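Not measured: the values here are computed from a predicted model. Every chain is numbered from 1 and lettered A, B, ... according to where its sequence line falls, protein lines coming before strand lines.
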There are 2 protein chains.
Amino acid sequence: MNELPNARPETDSQGAASLALRIAVIDNDSGFLQVLDKRLDRLGWEHRTLAGPAPVDEVVAMRLSAIVIDLAILGPQAWEYLERLCEAMPGLGVVVCTGRSSVAQRVRGLRLGADDWLTKPCHPEELIARVEAVVRRRREVDERRSAGPVEAGELVIRNDHFQAFVEGRSVALTRREFELIELLANADGRVLEREDIYQRVWGYAMVRGDRSVDVFVRKLRHKLEAASPNWSYIHTHFGVGYRFAAELREGADIVPDAPPADFVAEPANEAAALEA
Amino acid sequence: MNELPNARPETDSQGAASLALRIAVIDNDSGFLQVLDKRLDRLGWEHRTLAGPAPVDEVVAMRLSAIVIDLAILGPQAWEYLERLCEAMPGLGVVVCTGRSSVAQRVRGLRLGADDWLTKPCHPEELIARVEAVVRRRREVDERRSAGPVEAGELVIRNDHFQAFVEGRSVALTRREFELIELLANADGRVLEREDIYQRVWGYAMVRGDRSVDVFVRKLRHKLEAASPNWSYIHTHFGVGYRFAAELREGADIVPDAPPADFVAEPANEAAALEA
DNA sequence: ATCCTCGATCACCGAATGTTCACAGCTATT
DNA sequence: AATAGCTGTGAACATTCGGTGATCGAGGAT
């Protein structure tokens, strides 16, 4: 059998790529935690250690990127806890880091929704690399939208200001409202389902019957209409969700400051058909 | 230190949830491959084993969900290969499955873009579980977008809009209608039985005598005919079910608006507007 | 301590959508 | 050609969905 080529000396953990993450560690191995804490501090990751299974709601509230769990300290409800956690937060990176285990146990954990399973004792550096690997994809997707300001119709959405503007005036969106419109606007004209939206803005799974998304869409529409009366931006797709697209309102064909021509031709579209 | 709770006996690998994946394995450990092959077959995953590093382009062409690599057989260029691969296919799940390795090696591999690193010898079941875990996320984000628009006759079925279009105009399908036609259209000309259709669109088993599928087919035909009168799309197979295929209607061999080709096909529609 | 903003829920209502049924029209057999 | 079994149709009926305004409670700011 061939040899595995040698690795270069470990590159600096602060490598340009790795942005700061928020993670929590559920463990009680003080020695391990101490070492880990130091490394995490050095990386600039926000982190918190928990002695036991925090209620899922609380974990949700922490807005984590990932969580590291030693299943052994959770006792018999470990599996159930793991399952509930993964179900409630499909976007959360879950790395199990625990003592000796059987194949069946590892398989079970992974099937329940864990993203990785690391056996103790392990090197903190590897744990960190695995957490990074787990979080990487999600980040790649989320990040591409946090690029420069988005413009649509009269609206300018600036994530550096956490605010949207019309003709330089702030639309006075709250945080949630902003996150919602940012998500929609960056969806590139696609229709987003409520579950998706909720998942990505609120950070955890939507329970059936939750109307939060609708309510916020209404608030957004209200503020947007006040600020930019001739345009409509958020379109409902019945039974599915919402779609963002700047469209001239009916009867507002005179666009004072608008880029000439092109745009006026557009409204013969799906939305129009649906609303008909 | 507490004990890790026992896992239940391993649940059936064919678990309902796990859809078929396409994966490739770069390895040459014939014993391992044999066992793995059998398992993968049983799971219904399309898989292929490669004796060595296929050119990255070729791997791209395989349209894989994930790839399993034994770095050891790649020799000295292993790292470089891994890096190029991960870079070229950010959406590909990469699981390194290789012999003994140092922490530094594992960390390096993960940093280069690998999603998981498993040490041989390992149980195939665990490998499979890890591949599933790796693919899980990707699937969540990527799945919707992956299936590009389907075109047939004058019809364009877009799953990013949950809608079908004819010459850029929406056919105004409801969600169920859309899901039904999407299913049929993706069935690639095969005849689907009502039970199948119901099962896959409604999500549960059809009770004998339920006519929902028929009713929806009717609604679909109605809307499609209104939007694209010269074509018929859904065909009945008596005693069996339905088949999707765009076919010119009898006596409509002259397609009135077709000749100037491109022009008509590129309407000033929503799609165009969005891409602007 | 008190005021105020923001987010989470609720209940209500009109509208869009899905389900079911009876009957008419077809198809393949006898 | 007659018949039993499928499928197409239209409409009534039941459900679900989304918009809206109001209320309530948690925190933050004053």
Find the distance between [atom1] ([X]) and [atom2] ([Y]) and round it off to the nearest 0.5 Å.
X	Y	atom1	atom2	result
B:Glu195	B:Gln199	CD	CD	10.0 Å
B:Arg200	B:Asn186	CZ	CG	8.5 Å
A:Asp214	A:Thr236	CG	OG1	8.5 Å

Check: Of the residues in residues 192-202 of chain B, which ones touch DNA chain D at a heavy-atom distance under 4.0 Å?
Finding: B:Arg194
Note to self: What residues from residues 204-224 of chain B pass a heavy-atom cutoff of under 4.0 Å to DNA chain D?
What the structure shows: B:Arg211, B:Asp214, B:Arg218, B:Arg221
Return yes when atom [atom1] of [X] has more than 12 non-hydrogen atoms of other residues, nucleotides or ligands closer than 6.0 Å, and no otherwise.
X	atom1	value
B:His237	NE2	yes
B:Glu247	CD	yes
A:His161	NE2	yes

Margin query: Could you tell me how far apart A:Phe238 (CZ) and C:dG14 (P) are, to the nearest whole angstrom?
Written below: 15 Å
Next item on the list: Specify the separation, in whole Å, of atom CZ of B:Arg176 and atom C1' of C:dT19.
Entry: 10 Å
Check: First and last nucleotide of DNA chain D touching chain B, 5' to 3', heavy-atom cut-off 4.0 Å?
Finding: D:dG5 to D:dG10
Next item on the list: Check the angle between the aromatic planes of A:Tyr233 and A:Phe244 and answer parallel, tilted or perpendicular using the 30° and 60° thresholds.
Entry: parallel
Next item on the list: Please check the phosphate of C:dT5 (OP1 and OP2 only) for any side-chain N or O of A:Thr174 closer than 4.0 Å.
Entry: no
Check: Think B:Arg158 forms a cation-pi with B:Phe165, using NZ or CZ under 6.0 Å from the six-ring centre and within 45 degrees of its axis?
Finding: yes
Next item on the list: Answer yes or no on whether A:Arg108 is positioned over the face of A:Trp79, meaning its NZ or CZ is under 6.0 Å from the six-membered ring centre and within 45° of the axis.
Entry: yes
Notebook entry, point to check: Does B:Gly239 or A:Val240 map to a spot on DNA chain D nearer the 5' end, using the closest nucleotide for each?
Noted result: B:Gly239
Item checked: A:Ile23 backbone acceptor or donor facing A:Arg48 side chain under 3.5 Å -> no
